[in-house]
Colleague: 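Sharing a structure, written as C-alpha cells. Questions coming.
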Amino acid sequence: MSACSPVPTLRPDERSDLLSLLAAAARPLTDVVADFLARFPRERRLRVGGALSFLLEDKKMLHPTGRLIAFAILHQSYSPQTANPYIPILLNVLNQSAVDYINGSVSASQDFLPREQLEKQYCSTSVHSRPQISSFRAAMVRSAIPDPDVPQSCANSPESSISPPGSKQKSASDDRDATIAVLLQDKSGGRLGPQWIRPTPPRLPVLDGELQWLNPDNNHELLWDYSMCADTSRGAAIRDLIARALKGPLAPAQQEEVIVELTNDPKLVYYCGMTPQKLPDLVEHNPLIAVEVLSKLIHSPDIPGYFDVLVHMEMSLHSMEVVNRLTTAVDLPTEFVHEYITNCIQSCQNIKDKYMQNRLVRLVCVFLQSLIRNKIINVQDLFIEVQAFCIEFSRIREAAGLFRLLKSLE
C-alpha cells in the first residue's frame, strides 16, 4: 500500500463502524481489534486499512487515542504469516511511548508494535514487491489542508483533542469527526492530481491507394415513406390472381380483372410476386397476362432477366404469341428479337419428331411473316439465316410462302 494511495470509498455502514472503533478510547486495544475483525470481512479489510492509512498521514486528523487504535488495527489485523502492506507506516511511529504520544510528543508505543519483528518482516520483502510511488501519484496534493487559524500546539493539546468520558462539551474534536466522515465518503480519492495532457494525435498523410475517411454531412433531411398505411388490398388481390395464373389458366373474368388492375395502377406489377423464374409457367398457362406483366416491366432494371428467360425457354405457340404481342405493344430491343428468332430456327432443326417439327416450322414461319409485314425486324439483318431455314424446310407450304416474301423484298 503506497502512502500516496487514494482514499478507498467505504459503504455507509462501514464508515459508521470505523468511526465508532476509532472513538473507543476506553476499551482495550485487543477488544477493539477483535471487534474490527468481526465487523469487517477479510475481502474488505484492505479497503478499510487504506482509509486508515490516509487518515494517519496527517497527525492532526485523528485524536491521539484514535491514532493508536488505527495503528493497532493496521498491525494486528494481519497474521505474522501474512505479508502486512502497512509495515512502512508502522515503522515510522516506533521509538516513542504511549504517554509521550498522548501528551503531544512525536510517536507511538513500542508495547503493541514489536520493532524487531516489523523490521525483519520488512527487510525480508523483496525490493520489487515493496510499494512503489509513481511520479504521477507523488505529484498529487491532499484535498484536506490544515486550518491556518488553529495553532499546532492547540491542535495537539489534550484539551482540544480528548474529551472526558461522558462529556457533552462541543469541542474541535467534534468538527474533526465530521471532517473525517466527509473524507471517508469522498469519491475523489482525497487527493487532487495533475490532469493528463492528451493532445489530439496528428493525422498521417493519406497514401496512394489508401481508403480515405470521409466525414459525412450532418445536415440530414427526413425522408417520409408515403406507402405507409396505404391500402394494400388491391395488391393482395393481384398477388393471389398471379399465384393462380402460375398454376393454370384463369377464367376470362379473372384475366380481365388482372389486366384492368395493372392498367389502372402499373406499379402493382412490382408487388404481385412475379420473378423471372416464374415467367415460363405464366407464359404457358396465361400468355395474355404474361404480355401485360412484361409490358409494365419494360422499364424495370430486372427486364433483361425476363428477356433472357423468354429466349431460352422451350419454343411453343404461347411463347411466340407473347413475343409477337410484345412487338406491337412496346419497343423491344433488337438484340432480343434477333436472338429469339435464331433460337426458334435452331429449335425447329433439333426436333426429331417429324410431326412436331412440321408443326413448329409452320408456327415459326407465320411468326416471321408477321414480324416482316409489321416491319418489326429488318429482313436484311437476318436474310441469309431465314433464307437457309426456308430452303431446308421448303416441303412445308408456310416455309415456301415465307421464301417468296423474302424474294419480293429484294
Side-chain angles (χ1 to χ4, degrees), residues 1-90 92-93 98 101-102 108-109 111-113 118 131 142-144 155-156 158 160-191:
M1 174 65 67
S2 170
C4 290
S5 300
V7 179
T9 303
L10 303 181
R11 297 193 295 261
D13 58 329
E14 293 176 334
R15 295 195 299 268
S16 177
D17 291 343
L18 185 60
L19 291 177
S20 64
L21 291 176
L22 294 176
R27 298 178 58 187
L29 290 177
T30 55
D31 292 349
V32 175
V33 174
D35 197 0
F36 171 82
L37 298 178
R39 295 189 184 187
F40 295 96
R42 183 182 300 273
E43 64 273 8
R44 300 292 297 176
R45 291 172 190 171
L46 183 62
R47 184 175 295 273
V48 179
L52 288 176
S53 64
F54 170 77
L55 298 177
L56 289 172
E57 290 180 13
D58 191 340
K59 294 183 179 180
K60 297 189 297 180
M61 187 66 67
L62 295 174
H63 300 275
T65 55
R67 288 177 61 84
L68 288 176
I69 293 173
F71 284 129
I73 291 175
L74 293 181
H75 173 251
Q76 299 184 28
S77 58
Y78 288 87
S79 62
Q81 294 77 17
T82 306
N84 193 328
Y86 306 107
I87 291 179
I89 299 176
L90 300 176
N92 292 332
V93 296
Y101 184 84
I102 294 177
S109 173
D111 296 336
F112 69 95
L113 297 180
L118 293 177
R142 292 174 59 89
S143 59
N156 291 333
S160 62
S161 300
I162 305 176
S163 300
S167 175
K168 298 182 180 180
Q169 179 182 358
K170 181 70 174 180
S171 64
S173 61
D174 297 328
D175 295 334
R176 183 186 293 109
D177 292 342
T179 303
I180 293 174
V182 173
L183 286 176
L184 293 178
Q185 189 178 2
D186 185 16
K187 293 182 174 57
S188 66
R191 293 184 175 277

Colleague: Ignoring hydrogens, what is the shortest heavy-atom contact between I69 and A24? Give both atom names and the distance.
Modeller: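 Nearest pair, atom of I69 first, then A24: CD1-O, 3.4 Å.
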Colleague: Considering non-hydrogen atoms only, spot the tightest contact between L21 and F40 and give its length.
Modeller: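 Reported closest heavy-atom pair: CD1-CE1, 4.1 Å.
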Colleague: How far does CD of E14 sit from CZ of R47, to the nearest 0.5 angstrom?
Modeller: 8.0 Å
Colleague: Looking at Q76 and V33, what are the two nearest heavy atoms and their distance?
Modeller: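 Where Q76 meets V33 most closely, the heavy atoms are CB-CG1, 3.8 Å.
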Colleague: For a 4.5 angstrom cut-off between non-hydrogen side-chain atoms, does V48 reach I73?
Modeller: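 No, too far: nothing below the 4.5 Å cut-off.
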Colleague: For a 4.5 angstrom cut-off between non-hydrogen side-chain atoms, does L52 reach L22?
Modeller: yes
Colleague: Distance-only, no hydrogens or angles: does the S16 side chain make a donor-acceptor pair with backbone N or O of D13 under 3.5 Å?
Modeller: no
Colleague: So, using salt bridge (Lys or Arg N to Asp or Glu O under 4.0 Å) as the criterion, who are the partners of R45 when residues are at least two apart?
Modeller: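 R45 satisfies salt bridge (Lys or Arg N to Asp or Glu O under 4.0 Å) with no residue once adjacent residues are dropped.
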Colleague: Could you tell me the separation between the CZ atom of F36 and the CG atom of D17, rounded to the nearest 0.5 Å?
Modeller: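 Reported to 0.5 Å precision, the distance equals 10.5 Å.
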Colleague: Hey, could you give me the CG/CZ distance between L62 and F71, rounded to the nearest 0.5 Å?
Modeller: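 One finds 9.0 Å between CG of L62 and CZ of F71.
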